[in-house]
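Below is one structure, written out as structure tokens, with a few remarks after it.
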Amino acid sequence: MIKAEDLLFNTVQKALSELYSISTNTVTFQKTRKEFEGDLTLVTFPYIKEAKKSPEVLGQQIGEYLKKNNNDVLSFNVVKGFLNISLTNSFWLNYLNTIKNLSSIGFQKENSTKRTIMLEYSSPNTNKPLHLGHVRNNLLGYSVAQILKACGHKVIKTNIVNDRGIHICKSMLAWRKFGNGETPETAHMKGDHLVGKYYVEFDRAYKKEISDLVQSGKTKEEAEKQAPLILEAQKMLQQWEAGNEEVVNLWKIMNGWVYEGFDKTYKNMGVDFDKMYYESNTYLLGKEMVREGLVKGVFYKKENGSVAIDLTKDGLDEKVVLRSDGTSVYITQDLGTAIERFKEFPDLKQLIYTVGNEQDYHFKVLFLILDKLGYSWAKECYHLSYGMVELPEGKMKSREGTVVDADELIEEMYNTAKVTTEELGKVEGFANEELDELYKMVSMGALKYFILKVDPKKKMLFDPKESIDFNGHTGPFIQYTHARIKSVLRKAGTEYGNVTNSEIVPNPIERELIKWLYDFEAAVSEAGKSYSPAVVANYVYELTKLYNRFYHDHSILKEEIETIKNFRLQLSKTVAQVISNAMSLLGILVPEKM
RNA sequence: GGUCCCAUAGCUCAGCUGGAUAGAGCACAGGUUUUCUAAACCUGCGGCCCUUGGUUCGAAUCCAAGUGGGACUACCA
């Protein structure tokens, strides 16, 4: 692909060297601001001292040099220390010609970088359904995977399911005690919701036991530890670990229900995985690694028999990696699984964890320990950390009661999309299945875009009213633009000729559009470097807004001059393709009509 | 005590590696359709870019300190 910056870079470098004997390797250009004429701007302030010229003279001289020595430079103007450079029409038209029939505009070939990345996301517990926090996690993980693929990396999407532990036993116990054999079929409930119901049930009964014990004179702490239900749940966990047949069977059945429920939610969200991991298989990993670490002297044994590492020199605290009774803590298995994965996939270069920012510290510790154990890939591990989703009333944490259930949210969005479409009177000419498809596309487009347009590391406010909005800076706004272009293209038929360079002089807004198309590749690359779908989301919004203005101001099909009409059709088609590509990076589909 | 994140319009957010007069959407007030989909377009309103210093030709952006908000700092996961 031709890069305007590269073409200019050499010439500017030569200009600086020949005119002022300045040698530099860092010539950077920026987009010319729209108040000024030009495509790219060179800021000349940095060179005035060495060149011993005023900014105006310097700009003038470099500009003249560029015009003489670079065929792509059409003209230039100088404002103070800013040299605004206009490239020729044929440069931009050539660019449009090279991409207009490409479906993969902006994307690198998969695995062209020979860099295999494992990206972990979702990672739910099997004791309750997914909520809004998981939604952000899933959308973010999926989107970043898409972006990294588009940057030419090979990506393995994984999901490690937290399918064991005391919390799972709580649901199991409550079901056994209060469930009367209820199943998703008899209860007419999604499996994950049914299991979640018993998790809540456990909590209620447990709290009652605690308050009873407190009434009878125990302290709250004692009561929490001595309540019969929690003791029973702990016993159940031991039985599970010992392989007790009845407990393991119940565990399998109930987890099966949950997986069925999750599969539906994942399908609705449009996310998927290349490889599943289950903690029931991995929770014992890491012990061997602890032994090796002890030998290497990275870890030490404490008086009570537990194993720890001292990270105080790195500004962190001491961290226990093995309990005094020899059992693993959470980080033990995290260390173990990381090591295991690099053994399992010898090509692996990087491991990315999509986990909320409340675990920033945990991952800092994890990566540091891996580094100290001597794994060279530890420096490549990355915690894709994202901020909490807050509701207008308060925080989005399950224990605080104000949860937004993922399935309910998706359903609500769907209904709003349906109502809105009907109100706008846009249902004519659609078959029923098409309408269902459209409502799914629009509702999920709105939800995904709403969440992904925000920089991942920032906490975000989820206002249900606003997220459901389909106007303005939203997913449906972009989808609508795509649909409108497609409608025009359908009316134009399949034959709309070619763009012949010499005959066309794009008007300012057309030129601007081509420049935005040109920037797509850079936006994808930037999004990949910063692991931020928000870069793509904001890029495609700008492109769309610009196109809408063009669409409003200029007629395409009614344009009388054939060459211009064809050019506009080609331009529109390419814009639609880039919109579609950009949205696919966000996991959002775009409709042919809406 | 320590580590980390955040602070830009009434609200939700862009402004990346320092550059020209700080941008959108929502909300509010108004306008545009005999013409390719008005889920659109246009106009107006709205700012001590948290504070104070520093770095320099130039700071919302970088650095330091402070203020305010949040997360973490378990032999929980």
Side-chain angles (χ1 to χ4, degrees), chain A residues 26 28 30 32-33 35-36 41 43 45-46 48-49 55 79-82 84 125 162 164-167 279 283 302 304-308 312 314-317 319-331 333-334 356-362 364-365 385 387-388 390 392 395 417 420-421 423-424 426 442 446 450 453-455 457-463 465-467 469-474 476-481 483-492 526-527 529-530 532 534-535 537-539 541-542 545 548-549 551-559 568 572 593-594:
Chain A
T26 52
T28 50
Q30 52 191 285
T32 303
R33 294 182 61 130
E35 324 62 294
F36 301 95
T41 295
V43 182
F45 283 116
I48 52 176
K49 223 182 231 170
V79 183
K80 291 186 283 185
F82 302 94
N84 301 319
N125 291 342
N162 187 345
R164 62 163 288 279
I166 190 76
H167 49 289
E279 277 194 11
Y283 78 107
K302 305 214 309 181
N304 61 12
S306 62
V307 179
T312 50
D314 298 281
L316 304 169
D317 295 326
K319 179 74 195 173
V320 169
V321 293
L322 206 62
R323 293 191 189 102
S324 49
D325 64 4
T327 58
S328 303
V329 291
Y330 186 65
I331 202 160
Q333 59 169 303
D334 259 8
N357 66 6
E358 67 273 12
Q359 296 206 37
D360 283 357
Y361 186 86
H362 171 80
K364 223 177 151 177
V365 171
S385 164
M388 196 164 285
E390 292 177 359
K395 277 180 239 158
T420 309
T421 307
E423 275 173 5
L424 288 168
K426 300 212 169 190
V442 171
F450 184 83
K453 75 175 174 185
V454 182
D455 183 340
K457 69 170 183 281
K458 290 190 176 177
K459 64 175 188 241
M460 65 171 295
L461 190 80
F462 188 86
D463 187 340
K465 271 181 256 146
E466 209 180 311
S467 66
D469 203 344
F470 295 162
N471 302 314
H473 190 182
T474 64
F477 170 90
I478 297 162
Q479 290 172 319
Y480 176 68
T481 304
R484 253 188 352 184
I485 295 175
K486 286 297 175 149
S487 170
V488 173
L489 294 179
R490 273 194 302 274
K491 287 195 172 130
E526 172 61 30
K529 275 183 201 144
S530 55
S532 174
V535 173
N538 287 304
Y539 163 83
Y541 174 63
E542 292 298 328
K545 230 174 18 156
N548 279 341
R549 204 160 74 227
Y551 181 92
H552 180 266
D553 293 348
H554 303 283
S555 184
I556 299 166
L557 297 176
K558 298 237 159 60
E559 171 57 48
R568 286 184 180 161
S572 298
K593 52 179 180 168
M594 72 184 272

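In what follows, every chain begins at residue 1, and chains take the letters A, B, ... in the order their sequences are listed. Quantities reported herein were computed from a predicted structural model and do not represent experimental measurements.
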Classify Val329(A) by what it touches in the nucleic acid, base, sugar-phosphate, or nothing, heavy-atom distance under 4.0 Å. sugar-phosphate
Tyr541(A) atom OH is separated from A14(B) atom C1', nearest whole Å, by 10 Å
What residues, two or more places apart in sequence or in another chain, satisfy ring pair (Phe, Tyr, Trp, His ring centres under 6.0 Å) together with Tyr480(A)? none
Whole Å only: how far is the CG atom of Asp325(A) from the P atom of A74(B)? 18 Å
Over all heavy atoms of both residues, which pair between Asn357(A) and Lys457(A) is shortest? Give the atoms and the distance, please. ND2-O, 4.3 Å
Can you sort out the partners of Tyr361(A) under ring pair (Phe, Tyr, Trp, His ring centres under 6.0 Å), two or more places apart, ordered by chain and number? none
Would you confirm whether Arg568(A), through its side chain, and Ser555(A), through its main-chain N or O, come within 3.5 Å as a donor-acceptor pair? yes
Given 3.5 Å as the limit, does a donor-acceptor pair link the side chain of Lys302(A) with the main chain of Ser324(A), or not? no
For Lys453(A) and Thr41(A), find the nucleotide of RNA chain B closest to each by heavy atoms; which residue's nucleotide sits nearer the 5' end? Lys453(A)
Side-chain donor or acceptor of Asp469(A) paired with backbone N/O of Asn471(A) under 3.5 Å: yes
Once you apply a heavy-atom cut-off of 4.0 Å, does Pro55(A) come out as touching a base, just sugar-phosphate, or nothing? nothing
From CE of Met388(A) across to P of G70(B) the rounded distance in Å is 12 Å
Separation of the P atoms in U32(B) and A38(B), to the nearest angstrom: 16 Å
Taking the P atom in each of A20(B) and A60(B), what is the distance between them to the nearest angstrom? 9 Å
Nucleotide C13(B), atom C1' - distance to CG of Leu461(A) in whole Å: 11 Å
In whole angstrom, give me the gap between the P atoms of U17(B) and A64(B). 16 Å
Nearest whole angstrom, please: distance from the P of C72(B) to the OH of Tyr330(A). 15 Å
Which is true for Asp463(A) with a 4.0 Å heavy-atom rule: it touches a base, it touches only sugar-phosphate, or it touches nothing? nothing
Letter per nucleotide, 5' to 3', of nucleotides 32-42 of chain B [B base touched, S only sugar-phosphate touched, - untouched; heavy atoms, 4.0 Å]: ---SBBSBSSS
With a 4.0 Å cut-off on N to O distance, would you call Asp325(A) and Arg323(A) a salt bridge? no
Taking atom C1' in both U37(B) and C41(B), what distance in whole Å separates the two? 13 Å
Within the modelled atom types, does a donor on one side and an acceptor on the other bring the side chain of Asn84(A) and the base of A20(B) under 3.5 Å apart? yes
On a heavy-atom basis, which atom in Ile331(A) and which in Val320(A) lie closest, and how many Å separate them? CG2-O, 4.0 Å
On a heavy-atom basis, the closest approach of Glu358(A) and Met388(A) is OE1-CE, 4.2 Å
Taking any heavy-atom pair under 4.0 Å as a contact, classify Gln359(A): base, sugar-phosphate, or nothing. base
Asn538(A) CG to G15(B) P, in whole Å, measures 6 Å
His473(A) vs Arg164(A), nearer the 5' end of RNA chain B by closest nucleotide: His473(A)
Applying side chain to side chain donor-acceptor pair (under 3.5 Å), name anything that partners Arg33(A), two or more places apart in sequence or on another chain. Glu35(A)
Length of the line joining Glu390(A):CD and U12(B):P, which is rounded to integer Å: 10 Å
Nearest-angstrom distance, C1' atom, C11(B) to G46(B): 12 Å
Counting primed atoms plus P, OP1 and OP2 as sugar-phosphate and everything else as base, spell out the protein contacts along nucleotides 1-6 of chain B at 4.0 Å heavy-atom distance: B, S or - for each nucleotide, 5' to 3'. -SSSSS
How far, in whole Å, is U51(B) from A59(B) if one measures between their P atoms? 15 Å
Any non-hydrogen side-chain atom of Lys453(A) less than 4.5 Å from a side-chain atom of Tyr541(A)? no
Gap in Å between the two P atoms, one belonging to C57(B) and one to G18(B), rounded: 15 Å
Going by distance alone, is a donor N or O of one side chain under 3.5 Å from an acceptor N or O of the other, for Asn548(A) and Thr481(A)? yes
Does Phe45(A) stack onto the base of G58(B), taking stacking as ring centres under 5.5 Å apart and planes under 30° apart? no
Applying a 3.5 angstrom cut-off to the pairing atoms, does RNA chain B sit in any stems of at least three consecutive Watson-Crick or G-U pairs? List them by first number. B:1-7 with B:67-73, B:10-13 with B:23-26, B:28-32 with B:40-44, B:50-54 with B:62-66
If the P atom of U61(B) is compared with that of U8(B), how far apart are they to the nearest Å? 13 Å
Check the angle between the aromatic planes of Phe82(A) and Phe45(A) and answer parallel, tilted or perpendicular using the 30° and 60° thresholds. perpendicular
Whole angstroms only, please: what is the NZ-C1' distance between Lys529(A) and U17(B)? 10 Å
